[in-house]
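Because the structure is a prediction, the values reported are computed rather than measured. Side chains included, hydrogens not; waters and symmetry mates left out as well; all remaining heavy atoms used.
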There are 2 protein chains.
Amino acid sequence: MSRRANLRDIADAVGVSVSAVSLALRGEARVSEETAERIRAAAKRLGYVPNRAASALRTQRSDIVAVCLNDLSNPIFNEFLTHIEDELQQSGRMPYLGVSREDPERQARFLEAAISQGAGGLLICPARGTTPEDLRVVLPTTGRAPFPTVLFSRSLEDVACPQFGNDDFAAGQLMAERLLAGAHETYHWLGGGHDSSTARAREAGFRNVMERAGHVPGIHHGPTSRAFGHATAARLLRESSGPVGFACFSDLIAFGVLAAAAQAGLRAGRDLSVIGCDDMEEARFSVPPLTSIWIDKSAIGRLAARSVLDPEAEAVTRRIAPRLADRATVRSPSATPSAG
Amino acid sequence: MSRRANLRDIADAVGVSVSAVSLALRGEARVSEETAERIRAAAKRLGYVPNRAASALRTQRSDIVAVCLNDLSNPIFNEFLTHIEDELQQSGRMPYLGVSREDPERQARFLEAAISQGAGGLLICPARGTTPEDLRVVLPTTGRAPFPTVLFSRSLEDVACPQFGNDDFAAGQLMAERLLAGAHETYHWLGGGHDSSTARAREAGFRNVMERAGHVPGIHHGPTSRAFGHATAARLLRESSGPVGFACFSDLIAFGVLAAAAQAGLRAGRDLSVIGCDDMEEARFSVPPLTSIWIDKSAIGRLAARSVLDPEAEAVTRRIAPRLADRATVRSPSATPSAG
DNA sequence: TGCTGTATGTCAATCGATTGACTAAACGCC
DNA sequence: GGCGTTTAGTCAATCGATTGACATACAGCA
C-alpha cells in the first residue's frame with residue numbers, strides 16, 4: 001500500500017463504519033469500549049496518522065498557530081519564540097513560523113498563507129512601518145476575523161486586538177537614570193530611529209529623563225546590529241576626551257560598543273559607560289558583563305500565546321515592567337558594580 | 001458576511017460556475033481572458049484567500065515544509081533556519097517549525113504533526129540519540145514515504161535520505177592544529193559528549209590530531225552553553241600554571257571561557273588560548289574577537305532546502321569543508337593574530 | 001446543409017474527517 | 001406485553017478546491 005492509511009482502511013479492517021472509527025479514535029462514547037479497542041489496535045497496526053487538512057476543512061478549526069517574527073538573527077526574538085513555542089506545545093499546538101524581515105510585504109504574504117492554511121490564531125510582532133491597514137486581512141473592521149490575533153513585543157495604535165509588550169518608555173528612562181548616576185562628559189543614544197513602537201518609546205523615555213536633567217544627548221539612529229554599535233562607538237570614542245555614556249537600543253548594539261571600547265584600549269565601566277536593553281542571555285557573559293535593562297520575555301511570550309489560545313480569558317492588553325540588570329559596564333562613582 | 005469567501009461566492013458574484021473560477025484563478029486556458037478578468041476582480045473585491053486545506057486534500061500536495069530544530073537558544077540553528085527560510089520563501093513555501101529540544105519524543109510528535117498537516121517535505125536536524133527507527137514514520141523501509149526528508153547539520157548512519165552537513169571531523173582537526181601552532185602547557189576539549197554526529201566527529205578530529213602530536217587532552221563533556229564554558233574554564237584556570245589551550249565544541253562555550261579568563265585577569269591570545277567552532281556572527285565582536293572554525297551555514301541550509309524542494313536534482317549527501325577563522329584568542333608565537 | 005474543430009464553459013466525483021439525524025437491538029419497568 | 005430509554009452503531013451531507021468527462025456555440029469548409 002503506497003497510500004497513507006485513512007479512516008476507511010481502518011473501518012474495512014475492523015469491519016465497522018467510517019463513522020464508528022472516527023468516533024472511537026476521538027474517544028466519543030458512542031462506541032463500545034471493546035470495539036474502540038479493536039479500532040485503536042487497527043489504527044496503530046496500519047500506522048494511521050489523521051489527515052489534519054481534511055479535519056480542518058470539515059470542522060473549520062485547526063491547531064496551527066501562526067507566529068510572525070521580524071528577524072531571526074536578533075536573539076531577542078528567539079527568546080520570545082522559545083517561550084511562545086513552549087506555551088503552544090503545552091496545548092498541542094504547533095507554531096507555523098513566518099519571518100517578515102521588517103518588510104510589510106513579506107509580512108502580508110505570510111498573513112495570507114496563515115489564513116490560507118486555516119490557522120487557528122496569529123501571534124505577530126509587526127514589521128517596522130506596519131499600518132493598521134496592513135493588518136486588515138486578519139483584523140477586519142467589519143465582519144469576523146479569520147482567527148484571533150495578538151500582538152507581542154511591539155505595539156500598534158488603532159488596532160483592535162490584545163497587545164503584550166514591555167514598557168519601553170520606562171526602559172528608556174531606566175537607561176538614562178542609570179547612566180546619570182555616574183559622571184559622563186557626553187551621552188549618546190545608539191540605534192533605533194525606525195518605525196516601531198519599541199524604537200520610539202525607548203528613545204523617548206531616554207530623552208525624557210536626559211532632558212529633564214539638562215542634558216542633550218547625541219542621537220545616532222541605525223540598524224540593530226553589533227556592527228553598527230562597533231562602528232558608531234569607535235568614531236565617537238575617537239572624537240571625545242572625557243568619559244562617554246552610551247545607551248543602546250538593543251544589547252546587540254551594546255556588544256559592538258564593548259568591542260570598540262576594548263579595541264581602543266578602554267575599559268567599559270571605568271573609562272566609559274555602556275548600557276544595553278533587552279538583557280539577552282549573552283549579556284551575562286560579555287567582557288565585561290553588560291549592564292542592561294531586563295525585559296520579561298517569558299511573561300510577554302507566554303501571555304501572548306495564552307491569549308491567542310484562549311481569547312476570552314486573556315484579552316487584555318498588557319505592558320510589562322522592565323527592570324535594571326546592573327552589571328559592570330556603567331560607571332558608578334558611589335556604589336561598586338555588582339554582577340547580575 | 002461572516003464567512004471567508006470561497007470559490008462559490010466568486011462564482012455567484014460573476015455568474016459563472018465554480019469550475020470556471022478555479023480554472024481562471026490558476027490561469028488555465030479554458031476560460032476567456034475577459035471572463036478571467038472579471039473573476040479576478042471579483043476575487044479581489046471579496047477578499048478571497050484560497051483554502052489550502054481543501055486544495056491540499058484534493059491534490060494531495062502542500063506547500064508547507066516542516067523544519068525540525070533542536071534548540072532555538074543556540075544561534076547556530078537560527079543561522080541555519082534563516083538560510084532555509086530564505087530558500088523556501090523563494091519557492092513560495094513556508095517553514096512549519098518544530099523544536100525538539102533534543103528530545104526524540106517531542107521530535108516524534110512533531111513528525112506526526114507534519115504528516116498530519118500534509119507537509120510537502122521535511123528538513124530535520126535530528127535530536128540527540130535519534131535512531132533510524134525514530135525516523136521510520138517519515139522514512140519507511142517499505143512503502144512510500146509521506147514526503148521527501150532531508151537531514152541537515154547532523155548526520156545519521158543507516159538512514160536512507162540526503163544529508164547535508166559540515167565536515168566535523170575536519171573541523172576538530174583544524175581546531176587542534178591551530179592550538180598546536182602555539183605553545184601550551186595543557187590542552188582541553190570542552191563540551192559535547194552527547195549522542196550527536198557533530199559532537200562525536202569534532203571531538204574525534206581533535207583527539208586524532210592531538211594524539212598524533214603526542215598530547216593527551218583533558219576531555220570535559222557538558223552542555224552547549226556559555227555557562228558551562230565559564231564554569232569549566234574558571235576551574236581549569238585556577239588549577240593550572242602555564243598557558244592552557246581550550247578547544248570548544250561550540251562558540252557558545254568559548255564565549256563562556258573568554259568571560260572566565262577576563263574575570264581571572266588573563267588575556268586570551270596571550271595568557272591562554274581559546275578556539276571555538278561554528279563561527280557565529282557574535283565571534284567577530286567578542287572581546288577579544290574569537291578564533292573559530294567557520295562553517296558554511298548558508299551552503300548547508302540552502303542545499304538542504306533545495307534538496308527537499310527538488311529531490312531529483314539535489315539528492316546527494318554532502319559534507320561541506322570548514323575553514324579556520326583566525327582572530328585573536330589563540331597564542332601565535334610566530335605569526336601575529338589578525339582580525340577576521 | 002452537414003461535418004469537423006475549437007473555444008469556452010459546466011458537471012459531478014473526489015480527497016478524508018466530522019456530525020446531526022436516524023435505526024436496531026437490548027434493557028428496564030410497571 | 002407494551003412502552004420508553006439506552007446503547008451502539010450507521011447514513012449521508014458537508015467543508016472547498018480540483019479535474020476528467022462532457023456540453024454548447026460558433027466558425028470554417030466542402
Atom pair distance, as rounded to whole Å: CD in Glu28(B) and P in dT18(D) | 9 Å
Whole-Å distance separating the CG atom of Leu23(A) from the C1' atom of dT7(D) | 13 Å
Please state whether the phosphate of dG9(D), meaning OP1 or OP2, lies under 4.0 angstrom from any side-chain nitrogen or oxygen of Ser32(A).
-> yes
Within less than 4.0 Å of OP1 or OP2 of dT10(D), is there a side-chain N or O belonging to Ser17(A)?
-> yes
Starting from P on dG9(C), measure out to CZ on Arg30(B) and report it in whole angstrom.
-> 12 Å
To the nearest Å, give me how far apart CD (Glu37(A)) and P (dG9(D)) are.
-> 13 Å
In whole angstrom, what separates Leu25(A)'s CG from dT19(C)'s C1'?
-> 15 Å
Would you indicate what Ser19(A) reaches in the nucleic acid, counting non-hydrogen atoms under 4.0 angstrom: base, sugar-phosphate, or nothing?
-> base
Between Arg26(A) and dT19(C), does any side-chain N or O lie under 4.0 Å from OP1 or OP2?
-> yes
Position toward the 5' end of DNA chain C (nearest nucleotide), Arg58(B) or Val18(B) = Val18(B)
Counting only side-chain N and O atoms of Arg8(B), is one of them less than 4.0 Å from OP1 or OP2 of dT18(D)?
-> no
Does Asn51(A) have a side-chain nitrogen or oxygen under 4.0 Å from the phosphate oxygens OP1 or OP2 of dG16(C)?
-> no
Which residue, Pro126(B), Ser307(B), Cys125(B), forms the side-chain contact (heavy atoms from CB on, under 4.5 Å) with Leu151(B)?
-> Pro126(B)
For dT18(D), does OP1 or OP2 lie under 4.0 Å from any side-chain N or O of Gln60(B)?
-> no
Within less than 4.0 Å of OP1 or OP2 of dT18(C), is there a side-chain N or O belonging to Ser22(A)?
-> yes
Could you state the atom-to-atom distance from CG of Leu57(B) to P of dA17(D) in whole Å?
-> 12 Å
When you check the phosphate oxygens OP1 and OP2 of dG9(D), does a side-chain N or O of Thr35(A) lie under 4.0 Å from one of them?
-> yes
Within the structure shown, what part of the strands sits under 4.0 Å from Val16(A) by heavy-atom distance: base, sugar-phosphate, or nothing?
-> sugar-phosphate
Would you check if the distance from the ring center of Phe110(B) to the ring center of Tyr96(B) is below 6.0 Å?
-> yes
What integer distance in Å separates Ile115(A):CD1 from dG16(D):P?
-> 15 Å
Below 4.0 angstrom from OP1 or OP2 of dT18(D), is there any side-chain N or O of Arg52(B)?
-> no
Looking at Ile124(B), Val65(B), Leu123(B), which one forms a side-chain contact (heavy atoms from CB on, under 4.5 Å) with Val150(B)?
-> Leu123(B)
